[in-house]
Amino acid sequence: MTKYEQAKLIQVVLYILQKTGGIDFYHLFKILYFAELKHLAKWGARITSDDFHALEYGPVPTCLYDVVKGQNIPDSDLLKLFSDDVRFAGKDAPNVLLPQTEPDMDYISKSEIEALDASIDENEHLTFSQLKSKSHDSAWYEAYNRLGSKTMSSISMAKASGADEATLEYIQEQIELEEALS
């Protein structure tokens, strides 16, 4: 992830935490996942560049998951950015994250805010079991049952969210373009 992508991820996290007043990281991961699905289906683009991996309890944004767990990512400032801007609630709520600063809204577009707000409204109050069940969609199932990498593809995520054929073609073209330029 570039420095900009790392900063954007933290700003998106801060936005979610600010809107919810603080939530546990499981809800944070799922709110971000469902926002990504909404944005992919409507606009053919991801909100963040963090890959989602299919784990037992559902999709998680890989780099964000690592920093929440306190793991440093090689060649990344993400753990420092996270530690500077987000804090754990404390002993009584060790999994709850709270914002320490306001999000910089220059990093988040109107379409992304729309997807994030809709995801927050739909998922903030769901139970762990409800989120787990909801997030075990076709994209999760495909990646979780694959041998090797459990990385979920943007195409599979878009399909799971009901993207139309034109949007799926656009996403595929963007993937091919990125690969050709790298």
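These numbers come from the heavy atoms of this one structure, side chains and all, not from hydrogens, waters or symmetry mates.
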Taking side chain as C-beta onward, heavy atoms only, is [X] less than 4.5 Å from [Y]?
{"X": "L97", "Y": "L28", "answer": "yes"}
{"X": "Y15", "Y": "I113", "answer": "yes"}
{"X": "K30", "Y": "N123", "answer": "no"}
{"X": "L98", "Y": "I23", "answer": "no"}
{"X": "V67", "Y": "L64", "answer": "yes"}
{"X": "T101", "Y": "D84", "answer": "no"}
{"X": "Y144", "Y": "M152", "answer": "no"}
{"X": "W140", "Y": "D137", "answer": "yes"}

Can we say [X] and [Y] salt-bridge, meaning some charged N sits less than 4.0 Å from an Asp/Glu carboxylate O?
{"X": "E122", "Y": "K134", "result": "yes"}
{"X": "E112", "Y": "K8", "result": "yes"}
{"X": "E142", "Y": "K159", "result": "no"}
{"X": "E56", "Y": "K132", "result": "no"}

Distance check, rounded to the nearest 0.5 Å: [X] atom [atom1] versus [Y] atom [atom2]?
{"X": "K3", "Y": "L81", "atom1": "NZ", "atom2": "CG", "value": "8.5 Å"}
{"X": "I47", "Y": "I108", "atom1": "CD1", "atom2": "CD1", "value": "9.0 Å"}
{"X": "E178", "Y": "I175", "atom1": "CD", "atom2": "CD1", "value": "7.5 Å"}
{"X": "L168", "Y": "E173", "atom1": "CG", "atom2": "CD", "value": "11.0 Å"}
{"X": "H27", "Y": "E124", "atom1": "NE2", "atom2": "CD", "value": "8.0 Å"}
{"X": "Q71", "Y": "L78", "atom1": "CD", "atom2": "CG", "value": "12.0 Å"}

Over 12 foreign heavy atoms within 6.0 Å of CD, E176: yes
Enclosure of L147 CG (heavy-atom neighbours >12, cutoff 6.0 Å):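 Count not over threshold, so no.
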Audit row: L14, E102, side-chain contact (heavy atoms from CB on, under 4.5 Å) steps and yes/no: CA-CA 7 Å; L14 286 171; E102 296 288 319; over 6 Å; no
Using a 3.5 Å distance criterion without hydrogens, assess whether the side chain of [X] forms a donor-acceptor pair with backbone atoms of [Y].
{"X": "S161", "Y": "M157", "result": "yes"}
{"X": "D164", "Y": "T167", "result": "yes"}
{"X": "Q11", "Y": "D104", "result": "yes"}
{"X": "K38", "Y": "F34", "result": "no"}
{"X": "S135", "Y": "L131", "result": "yes"}
{"X": "R146", "Y": "Y141", "result": "no"}

Shortest non-hydrogen separation from [X] to [Y] and the atoms involved:
{"X": "F52", "Y": "P59", "answer": "CD2-CB, 4.0 Å"}
{"X": "L17", "Y": "P99", "answer": "CB-CD, 3.7 Å"}
{"X": "Q100", "Y": "V86", "answer": "NE2-O, 3.8 Å"}
{"X": "G70", "Y": "L79", "answer": "O-CD2, 4.1 Å"}
{"X": "S119", "Y": "A35", "answer": "OG-N, 3.4 Å"}

Pair F82-V68, side-chain contact (heavy atoms from CB on, under 4.5 Å): steps then yes or no: CA-CA 8 Å; F82 179 82; V68 166; 3.7 Å; yes
Parallel, tilted or perpendicular: ring planes of F128 versus Y26, cut at 30 and 60 degrees: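 Rings of F128 and Y26: tilted, 30 to 60°.
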Mutual orientation of the aromatic rings belonging to W43 and H39 [parallel < 30°, tilted 30-60°, perpendicular > 60°]: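 Tilted.
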Hphob cluster co-occupancy, Y57 + V96, side-chain heavy atoms under 4.5 angstrom: no
Common cluster, L40/I120, ILVMFWY with side-chain heavy-atom separation under 4.5 Å: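 Yes, L40 connects to I120 through the hydrophobic network.
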Residue pair Q130, T127: steps toward the side-chain hydrogen bond (donor to acceptor under 3.5 Å, both in side chains) verdict: CA-CA 5 Å; Q130 290 169 323; T127 66; 3.3 Å; yes
Ring-ring centroid check Y107 Y4, cutoff 6.0 Å: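 Close enough - the centres of the two rings lie under 6.0 Å apart.
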Sub-6.0 Å ring centroid separation between F25 and F29: yes
Stepwise salt bridge (Lys or Arg N to Asp or Glu O under 4.0 Å) check, K42 with E114: CA-CA 11 Å; K42 187 168 183 178; E114 179 183 293; 2.8 Å; yes
Any donor-acceptor N or O pair under 3.5 Å, side chains T48, E5: no
side-chain contact (heavy atoms from CB on, under 4.5 Å) between K19 and L116, worked out: CA-CA 10 Å; K19 290 289 284 192; L116 289 163; over 6 Å; no
Pair V60-Y33, side-chain contact (heavy atoms from CB on, under 4.5 Å): steps then yes or no: CA-CA 7 Å; V60 298; Y33 177 69; over 6 Å; no
